[in-house]
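The structure is given below, and queries will be raised subsequently.
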Amino acid sequence: MSELERILVPPGKKGHVSVAHLSRYWYVACLSSELGSRPIARTVLGTPMALFRIDGRAAALLDRCAHRNLPLSQGRVTSDGFLTCRYHGWQYDGSGLCRLVPGLLDRTSDRERRVLSFPVREQQGLVWVYASADAEPDREPFALPLTSEPGYATVLRRVEAHATLHAVLENALDVPHTGYLHRGLFRGGGKHSITAVVRRSADRVETEYLGEPRPSGVAARLLSPRGGPVQHWDRFILPSVAQVEYRLGDDAHFLVTSACTPVTDFRTRLFAVVSFRTRIPARLVKPVLEPIALRIFGQDAAILRAQSRNIRRFGGEQFMSTELDLMGPHIWRLLRHAERGEVPPSQKIDEQRVTFMA
């Protein structure tokens, strides 16, 4: 029985939990600003890692000294750029090779004295780690759009949810719940007919909403005080990026890109990057927009925690979906497809249309 089954499924019960493990992909381990002169501990896809800098460059090792199993994240980085275990002082370079065992006359390293290392990329204020140790990535991390575009302001925040990666991704891209859970802050009130066009390709699914009025609530009025036509897209991009984009008349363009990192099966960390342009100066918008966004996420986090607790209580999931569940089933199929390493036979884009009231 797996660790997940031991925790979530009571003895004698058969349960199912939607957890996908995609190890040959990039995930955000931390913000660049979090990685200073001391190593830090992070967990990605259930794997404990020690992150540190060598000559200004980020590195990631398995968080366990090869000698006596101490967490390397509790050590320190020497002036000559080695990660040193605080127990016996073994020193490791960024590739995981032990370069010094204090007191040992033979100071040459060999592959018997090493720890696993993980490929690292640092870009746009984020430190990305490839979840497969000692592997050669066949792709680069996701590049955040608009962060350096003239006229746009960007806010970067880290938040956390006690839920599976799939549950977090579906929640981030689920329109129907916003009129209930976030009423007054974002949506709620009138009913309008909206057509959703869902397009799925090899590594993503996108929903475009046609005929959508400007969402009611404080957030939309702030971003687009004059109203006008609305363009709205929700996107999932493998393995774990959720993206929400709004163009509100001529006033505003609003893009939220959430890079979601599965810490464990039921804990997901989100690195949310909000890039926006409005008629109102960004210095006036940020102090108002950020508390609203955090309030909305707080409501989502509470719902996701309650959902996870109930899954535990019942020993597994039982979903009943309708055509209004536009993104979740597509996301799950793409996750499972990628987990099995299957290569799609073609890059054809599948399209479907759903009309609903919101």
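Residue numbers start at 1 and run along the sequence shown.
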**OP:** Evaluate whether atom CZ of R333 has more than 12 neighbouring non-hydrogen atoms of other residues, nucleotides or ligands under 6.0 angstrom away.
**Re:**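 Result for CZ/R333: enclosed.
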Original post:
Sub-3.5 Å donor-acceptor pair from the side chain of T261 to the main-chain atoms of V28, do we have one?
Top reply: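 Confirmed, T261 side chain pairs with V28 backbone.
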**OP:** Using a 4.5 Å cut-off on heavy atoms from C-beta on, say whether the side chain of S275 contacts that of T147.
**Re:**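 SC-SC contact between T147 and S275 confirmed.
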**OP:** Measure up the W90 and H67 rings against each other and bin them: parallel (under 30°), tilted (30 to 60°), perpendicular (over 60°).
**Re:**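 Ring orientation, 0 to 90° scale: parallel.
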Original post:
If you measure from SG on C98 to CG on L83, what distance do you get to the nearest 0.5 Å?
Top reply: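 Separation between the atoms: 10.5 Å.
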Subject >> Path from V115 to F52 over hydrophobic side-chain contacts below 4.5 Å >> reply: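 Yes, V115 connects to F52 through the hydrophobic network.
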Subject >> CG on L51 to SG on C30, rounded to 0.5 Å >> reply: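 With rounding to 0.5 Å, SG (C30) is 5.0 Å from CG (L51).
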Subject >> Side chain T278, main chain A252, donor-acceptor under 3.5 Å >> reply: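 Pair absent, no side-chain N/O of T278 close to backbone of A252.
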Subject >> Shortest non-hydrogen contact from V244 toward A172 >> reply: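 Looks like CG2-O, 3.7 Å.
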Original post:
Excluding sequence neighbours, so at least two apart, what forms side-chain hydrogen bond (donor to acceptor under 3.5 Å, both in side chains) with D93?
Top reply: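 If we apply the side-chain hydrogen bond (donor to acceptor under 3.5 Å, both in side chains) test to D93, skipping adjacent residues, the hits are S95, R99.
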Subject >> side-chain hydrogen bond (donor to acceptor under 3.5 Å, both in side chains) against T264, all qualifying residues, sequence neighbours excluded >> reply: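 With sequence neighbours excluded, T264 shows a side-chain hydrogen bond (donor to acceptor under 3.5 Å, both in side chains) to no residue whatsoever.
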**OP:** Check the pair H88 / V101 against side-chain contact (heavy atoms from CB on, under 4.5 Å), numbers first and verdict last.
**Re:** CA-CA 8 Å; H88 294 94; V101 177; over 6 Å; no
Original post:
Just by distance, do the side chain of Q124 and the backbone of L144 share a donor-acceptor pair under 3.5 Å?
Top reply: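 Yes; judged by distance alone, with no hydrogens or angles, the pair exists.
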Subject >> Point-to-point distance, once rounded to the nearest 0.5 Å, from CZ of R139 to OH of Y25 >> reply: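 Atom-to-atom, R139:CZ and Y25:OH are 4.5 Å apart.
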**OP:** Mark yes when over 12 heavy atoms from residues, nucleotides or ligands other than R38 sit less than 6.0 Å from its CZ; otherwise mark no.
**Re:**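 12 or below, so no.
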Original post:
So which heavy atom on I311 is nearest to which on E317, and how close?
Top reply: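 Smallest heavy-atom distance, with atoms named: CD1-CG, 3.6 Å.
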**OP:** Give the C-alpha distance, both sets of side-chain angles, the deciding distance and a yes or no for side-chain contact (heavy atoms from CB on, under 4.5 Å) between R353 and L210.
**Re:** CA-CA 10 Å; R353 287 176 177 252; L210 306 177; 3.8 Å; yes
Original post:
Would you call E149 and L255 a side-chain contact if the rule is heavy atoms closer than 4.5 Å?
Top reply: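 No, too far: nothing below the 4.5 Å cut-off.
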Original post:
When hydrophobic residues are tied together by side-chain contacts of less than 4.5 Å, even through go-betweens, does L289 share a cluster with Y152?
Top reply: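 Hydrophobic grouping puts L289 apart from Y152.
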**OP:** Would you check, one step at a time, whether the test side-chain hydrogen bond (donor to acceptor under 3.5 Å, both in side chains) holds for R277 with H253?
**Re:** CA-CA 5 Å; R277 171 183 55 78; H253 184 202; 4.6 Å; no
Original post:
Please walk me through it: do F118 and M49 pass side-chain contact (heavy atoms from CB on, under 4.5 Å)?
Top reply: CA-CA 9 Å; F118 299 85; M49 301 179 185; 3.8 Å; yes
Original post:
Taking all non-hydrogen atoms of both residues, which atom of W128 and which atom of F142 are closest, and how far apart?
Top reply: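 Smallest heavy-atom distance, with atoms named: CZ2-O, 3.5 Å.
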Original post:
Given side chains that start at C-beta, do those of V159 and L294 come closer than 4.5 Å, heavy atoms only?
Top reply: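 Yes - at least one pair of side-chain heavy atoms lies under 4.5 Å apart.
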Original post:
Any link between L45 and V129 through a network of hydrophobic side chains (Ile, Leu, Val, Met, Phe, Trp, Tyr) touching at under 4.5 Å?
Top reply: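 L45 clusters together with V129.
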Original post:
Would you say R340 has more than 12 foreign heavy atoms packed within less than 6.0 Å of its CZ?
Top reply: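 It does: R340 CZ has more than 12 such atoms within range.
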Original post:
Under the criterion side-chain contact (heavy atoms from CB on, under 4.5 Å), which of L326, L238, L165, L173 is the partner of I331?
Top reply: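 Of the listed residues L326, L238, L165, L173, the side-chain contact (heavy atoms from CB on, under 4.5 Å) partner of I331 is L173.
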Original post:
Within the distance-only criterion (no hydrogens, no angle test), does the side chain of D325 pair as donor or acceptor with the backbone N or O of T322 below 3.5 angstrom?
Top reply: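 Confirmed, D325 side chain pairs with T322 backbone.
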**OP:** Compare all side-chain heavy atoms of T154 with those of L146 and state whether any distance is below 4.5 angstrom.
**Re:**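 T154 does not reach L146 side chain to side chain.
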Subject >> For the student: nearest non-hydrogen atoms of L61 and Y92, plus distance >> reply: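 Here L61 and Y92 meet closest at CD1-CB, 3.9 Å.
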Original post:
Taking only residues two or more places apart in sequence or in another chain, which ones pass side chain to side chain contact (heavy atoms under 4.5 Å, CB included) with S132?
Top reply: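 Side chain to side chain contact (heavy atoms under 4.5 Å, CB included) check on S132 returns S23, R24, Y130, A135.
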Original post:
Out of curiosity, L31 CG to F271 CZ, how far, rounded to the nearest 0.5 Å?
Top reply: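 Result: 5.5 Å between the selected atoms.
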Original post:
Rounded to the nearest 0.5 Å, what separation is found between the OG atom of S258 and the CZ atom of F297?
Top reply: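 Here the rounded value is 8.5 Å.
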**OP:** Determine, step by step, whether R269 and R158 satisfy the side-chain contact (heavy atoms from CB on, under 4.5 Å) criterion, reporting the C-alpha distance in whole Å, the side-chain angles of both residues, the deciding distance to 0.1 Å, and the verdict.
**Re:** CA-CA 7 Å; R269 188 171 290 131; R158 186 191 69 182; 3.5 Å; yes
**OP:** Decide yes or no for H177 and D300: does some side-chain heavy atom of the first lie under 4.5 Å from some side-chain heavy atom of the second?
**Re:**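 Sidechains of D300 and H177: in contact.
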Original post:
Are any of the side-chain heavy atoms of S32 and L126 separated by less than 4.5 Å?
Top reply: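 Not in contact.
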Subject >> Residues forming a salt bridge (Lys or Arg N to Asp or Glu O under 4.0 Å) with R64, sequence neighbours excluded >> reply: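 In terms of salt bridge (Lys or Arg N to Asp or Glu O under 4.0 Å), with neighbours along the sequence ignored, R64 is linked to no residue.
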Original post:
What's the spacing between R336 CZ and L22 CG if we round to 0.5 Å?
Top reply: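 With rounding to 0.5 Å, CZ (R336) is 9.0 Å from CG (L22).
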**OP:** Cation-pi check, R42 to Y27: give yes when NZ or CZ is under 6.0 Å from the six-membered ring centre and within 45° of the ring axis, no otherwise.
**Re:**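 Checked: cation-pi criterion not met.
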Subject >> Same cluster (ILVMFWY, side-chain, under 4.5 Å), F82 and L97 >> reply: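 No, separate clusters.
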Original post:
Side chain of D63, backbone of P48: donor and acceptor closer than 3.5 Å?
Top reply: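 Flag not set: sc D63 to bb P48 has no pair under 3.5 Å.
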Original post:
Can you name the closest pair of heavy atoms from W26 and P137 and give their distance?
Top reply: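 Between these two residues, the closest heavy atoms are CZ2-CG, 3.5 Å.
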**OP:** Return the minimal non-hydrogen interatomic distance between M327 and D234, and the atom names on each side.
**Re:**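 Minimum heavy-atom separation between M327 and D234: CE-O, 3.7 Å.
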Original post:
Honestly curious: do V168 and F266 fall in one hydrophobic cluster under the side-chain, below-4.5 Å linking rule?
Top reply: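 They do not share one cluster, since no chain of ILVMFWY contacts under 4.5 Å joins V168 to F266.
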**OP:** Determine whether R113 and L104 make a side-chain contact, defined as any pair of heavy atoms from C-beta on separated by less than 4.5 Å.
**Re:**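 Yes; the side chains approach each other to less than 4.5 Å.
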Subject >> Residues which pass salt bridge (Lys or Arg N to Asp or Glu O under 4.0 Å) with E206, listed by chain and number, not counting sequence neighbours >> reply: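 For E206 the salt bridge (Lys or Arg N to Asp or Glu O under 4.0 Å) partners, ignoring immediate neighbours, are R199, R235.
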**OP:** Please work out which of the three classes, parallel, tilted or perpendicular, describes the rings of Y209 and H232, given edges at 30° and 60°.
**Re:**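 The arrangement is parallel - the two ring planes meet at less than 30°.
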Original post:
Got a sec, which pairs hit side-chain hydrogen bond (donor to acceptor under 3.5 Å, both in side chains) with one end in residues 45-60, sequence neighbours left out?
Top reply: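 The answer is R53-E122.
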Subject >> E290 bridged to R157 by N-O distance under 4.0 Å >> reply: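 Salt bridge present between E290 and R157.
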Original post:
For W233, does its backbone N or O pair with a side-chain atom of E208 as donor and acceptor, under 3.5 Å?
Top reply: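 Not at all, since once roles are kept as given, no pair shorter than 3.5 Å links the two residues.
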**OP:** State, with a plain yes or no, whether a side-chain heavy atom of V77 is found less than 4.5 Å away from one of S37.
**Re:**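 No, every pair of side-chain atoms sits at 4.5 Å or beyond.
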